[in-house]
Structure formats: structure tokens, C-alpha cells
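Please read all numbers here as calculations on a predicted model, not as lab measurements.
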Amino acid sequence: MKFVSTRALNNKKEYSAAEVIKQGLAPDGGLFVPTEIPALTGEDLDRLAGMTYPERAAEIMGLYLTDYTREELLSAANAAYGAPKFPEATPTPITKVGDLELLELWHGPTSAFKDMALQIMPHLLSMALTKTGETRDALILVATSGDTGKAALEGYADVPRVKIHVFYPTDGVSRIQKKQMATQQGSNVNVTAIYGNFDDAQNGVKAIFADGEMASLLDKEGLFLSSANSINWGRLVPQVVYYISAYCDLMNAGRLQKGDLMDVVVPTGNFGNIFACCLAKRMGLPVGKMICASNQNNVLTDFINNGVYDRRRTFYQTVSPSMDILISSNLERLLWLVAGPEKCASYMEALRKDGVYAVDKEVLEAVQEEFAAYFCDEALTKNVLREIYEQRMYLADTHTAVALSAALRYQRSLEEEKRTVLVASTASPYKFSPAVLEALGKTVPEDGFEALRSLQKISGIPAPARLAALETMEDRFTEVIAAENMKEAVLAFARS
């Protein structure tokens, strides 16, 4: 299996899996994509259904990461998805809520779906350094809207030959998310808040990657840049696993028969989580429609519904902050698939120059053939969260509430047709306790940890132990800088 950049037009250079995991971003600023998508047959599903989650992960990732041995991938998967990282026997349980199947992806160490990729990715990177003969150490840069940062820090803390620097918008994450990052332990980690929003942080990281002088300065320090954001293929391919695994689990439970179509609803801002489902579908998983659920920053909803991607709009800080994004990086991979490299490159250039692009009729029809899209404002997010709790006794976080809103509207559009609808549940409600309490119509304490205790008392559902323990931990990282000073901050950390 080889990979190319989404922006490579002529004389396409091909890369191995280890090379793309090591580099993260392509040298031309594009994203790495596989030259072919491997096939998944009905017989494969039968075989996978009889495996444990780590075994499924090794098998599925091995279809893309062909320069890794099965033994290497299985060892990495066992380390990533077993105890103590994931204390439960099934790392991705499915809970039935009414007619919906909720795929809970937040039972890992940071209580967010990002753990599913970022607990295994450090193992993949460490092996990639050896496989590619790399003598320098990796400096990983991460821009986060809340969950990716902590999950990456947790995964890479004290990993040999790696340093990691995370940037987040100081007023764009929840109190719990900020505390998770500020208290991170590890001799190789650094966390810096910026004034601005997630897109400012992401643009700053991308600018550093594209800076030739920066690469030269880091090379003198024995370092090279890599990424743990979903622009990195090593982050994306583990996410393909849990959609295929969920189908196997529903087969095993008798809640669908092999070959039945499964529609999937994903709350997403950066488009990585839903694109992983798209890859699973293109491999042969019987997925019908993929429903993109957005919050009030509904740039993806508008694009899927009318073919115009326009980031020149008001940016909203919402109760679902991990989706507060106006530049959805992974959409570039879908455009490469449906429109081809030439059109994809022109769209990305228009976005860079003008902040907007429009796809032609054929491309829009191809997108709409696979995707539907809904968005959810703040009031609807809270209403759905409260209704699901009161009517179904299911306590959802605010991001999952956005997905539930989309799922319910999608189900109504099906009228009498019965379809299995899988909803990606992406975070523990306790990461966003104040917003969840407000949605439930309860008094919201000013202190985030008091809110956590209050939610626990009301619901009777225990909070994840790691979140509760944060309250007594001391902050290590408190610096807040202007986004234009990110390069200097990275250099200072590299030289420390």
C-alpha cells in the first residue's frame, strides 16, 4: 500500500505507511491518502466478528499499514486498548437508546473518542521511526479544540524519541478540558493556550509545518515535525476500526443481519471521524447514509446541502466546543476521492486565498449520494439532551446531543422505513458538566468540579475517576500567548 498527497498533480511521489505516519502532513501542504482502498468481504466480517477488539484493529489497520507486521500491530493494539487504558472488556460498547444504537467511544483514559486513535498512534510512530531509519526525534505539534490535545498528551507522555507541544484557544475549551491539559505529567510535553479560536491555533500549526526556516532550525536541534491531529493518517486509520467493529458487534447481538445497511450519524467539526466511516463504507462495510451533525458553526452542513464551503462567517463559541471549527481539514480527503486531485487542489487554493469555494454539480451530487447533514443550535442541543435523559434515562454530553438531534430528524425523514442507525457518542457528559446541568434545568455551580459532583448526584451515574481526580492536581502549564507567537514558543520548547 502506497500513499500520495491530495495536492500532488504531476510526478506524484509515493510514500510508505511508516513515512506518512512519521511526517503527518505532506510536504506540499496536502494530506496523505492511499492509492487504493482495500476490500472488505462478507467472509471478512464473519471472521472479524469472532475476534477481540485488538485483534480486529490489527487486522483492519494491517490492510492499510502494509509495512507493519501483524505481530507489531497486535502488540500495539493490545497495549492501547487493554487495561488500564480501557478498564472494561469492550472498549467501544453499544447502548440501545430507543430505536438508536449509540456507539460509546469515550471509555478510555481521557473520556473522549480521541483516545481510540491516540492511544495506539504513539506505538505506530515509534515503529515508524525505526522503519524509516530516522535518526532525529519527533516534535509533535497539535492544535486542539479540547479533546485531541489531552488525548495526544496522554498517549505520548514520556514516549522515547518524542516531544509534544499542544496549543488550544484559552476561552474555547471547557473547564475540565483545560484542567486536563494544564495538569499533564511527562518530561516531554508542553501546553500553551492562545488568544483566539481553534482555527487560529490550527492555522498557526499549519504555518509552522510549511515554514522551511523552522524545519532547518529544528533539524539543528535533532528534531523534525510531525502531527497527532486527524490530518495524520496514523490518527485516521484506527478510527476506521470502530465502525467495522460496531457492525460486527451488532451482528453478534442479533440487532442486524450481515448485509443489512447501517446508517451512521457522527458529530464532527474537522470531518475526520466521519471520513473514517466513509473509508469503512468504501472498503465494503454495508453503510447506507452518513449523517454529518454540526453545531451552530454549521459550515459543513451548508457545504453538504448546497456545495458551497464558506468559512467567512461568524464563529460561535458553543456548549459543544470540540466542534467549534470553521476549517474542516479532512474534507480535503473526501474532495480528493470524489472530485479528483486537480479540482481538490483548486478548491484548497480558493479556500486559502478567498475563504470560500463552490463545487460543481457532479461533485455535489456525489457527496449527497453518501452524506446528509443537519445542524443544531444551542437551544436545540440542550432540549435534545434533556429529552433523551427524561424520556430514555440516557445521559449524553453536548456533542452527542448534537448527533442525537440529527439522528432523530433523519429517522423522521425515513417515514415508515426501518433502518439501523448508529450514533457516534464522542465524550463523557462529565467533561461538560455545567452545560449538561444547564440543559437538564438544574442549578449550575460556578466551579466546574462542583458541577461534576452535582451532575453525579442528580444522575446517580459515577463520573470517570480520572476526571474527578483532576480537582486536586496542580496546574503545570498556565501560559497564554498571541497566535502569532506560536513559532517562538515551539522553538523555545524544542531547545529546552
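- By the 4.5 Å heavy-atom criterion applied to side chains, L103 and T92 are counted as neighbours.
- For the pair D46 and K258, the salt-bridge criterion is met [side-chain N within less than 4.0 Å of a carboxylate O].
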Report the C-alpha separation of S428 and D397 in whole Å, then their side-chain angles, then the decisive distance to 0.1 Å, and conclude whether the side-chain hydrogen bond (donor to acceptor under 3.5 Å, both in side chains) test is met.
CA-CA 6 Å; S428 164; D397 87 294; over 6 Å; no

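- In terms of modelled atom types and a separation under 3.5 Å, the side chain of Q456 and the main chain of A463 share a donor-acceptor contact.
- Using a 3.5 Å distance cut-off with no hydrogens or angles, the side chains of T110 and D115 do pair a donor with an acceptor.
- Between the side chain of S226 and the main chain of K22, a donor-acceptor pair closer than 3.5 Å is present.
- In summary, of the residues considered (R466, K179, R453, R175), a salt bridge (Lys or Arg N to Asp or Glu O under 4.0 Å) with E471 occurs for R453 alone.
- A salt bridge between K96 and E101 is present, with a side-chain N of the basic residue lying under 4.0 Å from a carboxylate O of the acidic one.
- Using a 3.5 Å distance cut-off with no hydrogens or angles, the side chains of T398 and S320 do not pair a donor with an acceptor.
- Side chains of D324 and N297: a donor on one and an acceptor on the other come within 3.5 Å.
- Taking a cutoff of 4.0 Å between a charged side-chain nitrogen and a carboxylate oxygen, K150 and E154 qualify as a salt bridge.
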side-chain hydrogen bond (donor to acceptor under 3.5 Å, both in side chains) assessment of T144 paired with Q177
CA-CA 10 Å; T144 184; Q177 288 173 316; over 6 Å; no

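- In summary, the aromatic rings of F271 and F303 are positioned with their centroids too far apart to meet the 6.0 Å limit.
- In this model, no donor atom of one side chain and acceptor atom of the other lie less than 3.5 Å apart for R409 and S413.
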Could you give me the CA-CA distance, side-chain angles and deciding distance for R333 and W233, then say whether side-chain contact (heavy atoms from CB on, under 4.5 Å) is met?
CA-CA 11 Å; R333 285 186 164 115; W233 188 258; 4.0 Å; yes

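- Under 3.5 Å, the side chains of N273 and Y242 contain a donor-acceptor pair of N or O atoms.
- Rounding to the nearest 0.5 Å gives a distance of 7.5 Å between CD of E59 and CG of D44.
- With a 4.5 Å cut-off on side-chain heavy atoms, Y247 and M251 count as touching.
- Partners of T69 by side chain to side chain contact (heavy atoms under 4.5 Å, CB included), not counting sequence neighbours, listed by chain and number: E71, E72.
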Steps toward salt bridge (Lys or Arg N to Asp or Glu O under 4.0 Å) verdict (E378, K382)
CA-CA 6 Å; E378 295 290 85; K382 295 171 185 177; 5.3 Å; no

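- Between I37 and M283, the shortest heavy-atom contact is CG2-CG, 3.6 Å.
- Between F432 and H399, the ring-plane angle classifies as tilted under the 30° and 60° cut-offs.
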What do the steps show when you test N78 against S75 for side-chain hydrogen bond (donor to acceptor under 3.5 Å, both in side chains), and what is the final call?
CA-CA 5 Å; N78 279 324; S75 173; over 6 Å; no

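- Scanning for ring-ring contact (aromatic ring centres under 6.0 Å, His included) contacts around W106 gives an empty result, with sequence neighbours left out.
- With rounding to the nearest 0.5 Å, the separation of CE in M61 from CZ in R70 is 10.5 Å.
- A cation-pi geometry, defined here as NZ or CZ lying under 6.0 Å from the six-membered ring centre and within 45° of its normal, holds between K131 and Y68.
- Considering only heavy atoms from C-beta on, L45 comes within 4.5 Å of I244 through its side chain.
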